[in-house]
Every structure is written in structure tokens, then in C-alpha cells.
Amino acid sequence: MDPFYDVVPKGYFENLEYRQSLMERCNKDAGIRRAAMEACRQDVLYFFNSFCWLFEPRVRFLNGKKLPRVIPFITWEHQDSVIRQMRQRLGGNDVGDVGLLKSRGEGASWIGILLAIQDWIFEPLATIGFVSRTELAGDNPNDPDSLFWKVDNALTTLPPWMVGVKDKDWKRDVSKHTLLNLRNKSYLTSYACGGDVATGGRKLWFLMDELSKWPRGTDKEAFASTEPVCDSRLIIATPKGAHGAYYDCMHEPSSMLKLKLHWSENQSRNRGLYRIVKNKA
């Protein structure tokens, strides 16, 4: 089990109270800030559940009350094991590709983004690439669906003592689709799907988002182009047809770790999945 995650309450209001108390203590005490930083560095689930937030534009209710658009990232139980395994593979002790089959609404892209941000904050010289089907899907500051919009949003919700101050501790270049951490020289870079993605470069790992929706032909070229650039890739998609690079990599035998985030395992979505008919499920 993760060393710090067990102390974090998972109830919505209890989690908010915990975060508020933790932030108050961190703001007052440099020693507590250092301890919180070390806990976030060591324990990805502690980082997610204590400090990370999500933008949820859809209307959501809890106990009859409408939730705000920005909510704390409180991981679901079925996400925890998946996130742990991703963390071990992506620059961890068990490097290699991760293929994720996900249902819509399971937070997979947010998880990939926040894993990258954890490395960007805590790992010196971490270079991580995002690849999307188009340039704007990867980086559009005006579109909450783009990957780098999520990165930008995360930086505004994490405490300044953790991420630093813009243009002093980090620099965002929209024209080059990059985010540079000036304190530890870590980079995030966004690319559009293409046959020569990152050719000649080097990355700690790649996030390849919605691979099943990339243009056929180019998807396989981009998949092949990124393979020699890094030791680990996180490939995320909802299945779309029995062809293409995503279908092939998820069905062909390989050393890839194949994981699943499916709505049927989500306790907040699977109510009513079964019916009782004549005393039988």
C-alpha cells in the first residue's frame, strides 16, 4: 500500500476538510510543506487525493446538492490499482508501455496529465511528451478538452509553494506547446499525430491520448516513431473498430501492460447494473 495515502479521507466533504486543514498547516510551517512535498513525490495517490483538482463541466449532484465545476480529485477504488501500476511503469522501477482500455468518463486523460505533472514537479530533467490526433487537441488554451488546457488548469489549482510562480519558476510557451520547470529543468511538450513524432529526440515517457481516433496509417507511423524515443508510453483510448494502431497494440502479444478502466467497475456508475428477476440476478 502507499505510505501516505491511507491517511486521506475519501468522503467528499471529509476530503475537503482534510485539504483545507492541510493547506492551512502547510502555509504556516515550512517543515510541514517539505513533508507534504516529499509525500507527494513518493506517493502518487496521496498527491492526487490531497492536492489535485478536476474540472467537471457536467452537472453533478451529491446528496441532492449540486457540485461546483471544480471538484477535488478523489480517486475511485477501481482507479487506485490502475494508477499505481501506471506509476511503476512510467519512469518507475518497471519501465515499459501501458495500454489502457477505458470507458468514457473514467478520468483516464486527467490521470495521464496528473502523472506527467507529478514528474514535472518532483523529477529533475523529466521530459514527457503528449501526442494527440491534432495540434489543437493537444494544446488549445481556450478549449478545456485539450490536454494542455488541463495542464494549465492544474497549475492554477496546485499551491504556489509546490509548483512555483509563472515566469519565475516555470515558463509556458503556447507557440511551442511546451511547459518548462525552471527549477529542475523538466519539460512537458505537446505534439500532433504525425509520421515523425519526436524523431531523434528523447523522452522519459509519452502520453498518447485517444490513439483509436487518430488517422489510419498515420497512427501506426506515429506509434512506431515514438517507440525508440522513450522506454515507456501510456496509450489511452476507447475502442473504435477492429483495426488501427490501438487495436493492434491491445490485441497483439507483447510486453505491454494492458489495463482497463471500465464504467461497470465504478461504484458511482454501476448502480442498477443487475436486476433481480425471480430471485436470480
Side-chain angles (χ1 to χ4, degrees), residues 47-48 51-61 66-74 100 102-121 126-160 162-183 186-198 201 203-215 218-219 222 226 233-238 240 246 261:
F47 174 59
F48 280 22
F51 288 99
C52 295
W53 298 76
L54 300 178
F55 172 68
E56 175 51 82
R58 296 168 296 184
V59 176
R60 292 291 182 264
F61 292 89
K66 187 176 179 181
L67 295 177
R69 296 280 189 256
V70 178
I71 58 176
F73 193 160
I74 304 172
L100 181 66
K102 56 96 175 176
S103 301
R104 292 180 176 86
E106 287 297 303
S109 294
W110 274 106
I111 289 170
I113 290 293
L114 293 174
L115 285 167
I117 289 175
Q118 186 194 27
D119 280 339
W120 181 83
I121 295 172
T127 55
I128 299 164
F130 305 151
V131 190
S132 301
R133 66 186 184 280
T134 65
E135 180 179 350
L136 290 178
D139 188 5
N140 182 352
N142 300 314
D143 182 3
D145 291 331
S146 78
L147 295 181
F148 247 111
W149 186 96
K150 294 178 173 66
V151 172
D152 294 336
N153 181 76
L155 294 182
T156 67
T157 58
L158 290 168
M162 181 178 288
V163 299
V165 178
K166 184 178 181 181
D167 294 328
K168 176 186 175 184
D169 299 303
W170 54 270
K171 182 176 178 60
R172 172 80 160 97
D173 192 326
V174 176
S175 65
K176 296 180 179 178
H177 312 303
T178 58
L179 176 69
L180 168 62
N181 187 332
L182 295 168
R183 297 186 295 193
S186 289
Y187 258 104
L188 304 182
T189 306
S190 177
Y191 301 86
C193 168
D196 296 316
V197 173
K203 291 288 185 290
L204 179 63
W205 57 274
F206 265 103
L207 167 60
M208 309 187 80
D209 191 49
E210 295 292 359
L211 177 58
S212 63
K213 298 177 182 176
W214 294 8
T218 306
D219 60 344
T226 55
R233 294 172 293 181
L234 175 56
I235 297 106
I236 294 175
T238 301
K240 184 180 181 181
Y246 176 73
L261 278 177

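By convention here, the first residue in the shown sequence is residue 1.
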From [atom1] ([X]) to [atom2] ([Y]), nearest 0.5 Å:
X: Lys150; Y: Asp209; atom1: NZ; atom2: CG; answer: 7.5 Å
X: Leu158; Y: Trp53; atom1: CG; atom2: CH2; answer: 10.5 Å
X: Leu234; Y: Met208; atom1: CG; atom2: CE; answer: 10.0 Å
X: Ser146; Y: His177; atom1: OG; atom2: NE2; answer: 10.5 Å
X: Leu204; Y: Asp119; atom1: CG; atom2: CG; answer: 5.5 Å
X: Thr226; Y: Leu207; atom1: OG1; atom2: CG; answer: 11.0 Å

Check whether any side-chain heavy atom of [X] sits under 4.5 Å from a side-chain heavy atom of [Y], and report yes or no.
X: Asp219; Y: Leu211; result: yes
X: Trp120; Y: Ile128; result: no
X: Ser190; Y: Leu147; result: no
X: Leu115; Y: Phe47; result: no
X: Ile111; Y: Leu261; result: yes

Worked check of side chain to side chain contact (heavy atoms under 4.5 Å, CB included) between Ile113 and Phe130: CA-CA 9 Å; Ile113 290 293; Phe130 305 151; 3.9 Å; yes
Residue from Ile121, Val165, Leu155, Leu180 passing side-chain contact (heavy atoms from CB on, under 4.5 Å) with Trp170: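 Between Trp170 and the candidates, side-chain contact (heavy atoms from CB on, under 4.5 Å) is satisfied uniquely by Leu155.
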Least distance between heavy atoms, [X] atom then [Y] atom:
X: Asp167; Y: Leu182; value: O-CD1, 4.4 Å
X: Trp214; Y: Ala222; value: CZ3-CB, 3.8 Å
X: Ser175; Y: Asp173; value: OG-OD1, 2.6 Å
X: Pro215; Y: Cys193; value: CD-SG, 4.2 Å
X: Glu135; Y: Ala192; value: N-CB, 3.5 Å
X: Trp149; Y: Pro144; value: CD2-CA, 3.3 Å

Step-by-step side chain to side chain contact (heavy atoms under 4.5 Å, CB included) determination, Lys66 to Val59: CA-CA 7 Å; Lys66 187 176 179 181; Val59 176; 4.1 Å; yes
Side chain to side chain contact (heavy atoms under 4.5 Å, CB included) evaluation trace for Trp110 with Asn153: CA-CA 11 Å; Trp110 274 106; Asn153 181 76; 3.8 Å; yes
Stepwise salt bridge (charged side-chain N to carboxylate O under 4.0 Å, His left out) check, Lys166 with Asp152: CA-CA 11 Å; Lys166 184 178 181 181; Asp152 294 336; over 6 Å; no
Geometric class of the Tyr191/Phe206 ring pair [parallel <30°, tilted 30-60°, perpendicular >60°]: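 Rings of Phe206 and Tyr191: tilted, 30 to 60°.
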Residues Phe148, Leu188; criterion side chain to side chain contact (heavy atoms under 4.5 Å, CB included); working and verdict: CA-CA 9 Å; Phe148 247 111; Leu188 304 182; 3.9 Å; yes
Test side-chain hydrogen bond (donor to acceptor under 3.5 Å, both in side chains) applied to Ser186 - qualifying residues, sequence neighbours left out: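 side-chain hydrogen bond (donor to acceptor under 3.5 Å, both in side chains) check on Ser186 returns Asn184.
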side-chain hydrogen bond (donor to acceptor under 3.5 Å, both in side chains) involving Arg133 - partner list, sequence neighbours excluded: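 For Arg133, no residue satisfies side-chain hydrogen bond (donor to acceptor under 3.5 Å, both in side chains) once neighbours in sequence are set aside.
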Heavy-atom neighbours of Tyr187 OH exceed 12 at 6.0 Å: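 Counting other residues, nucleotides and ligands, OH of Tyr187 stays at 12 neighbours or fewer.
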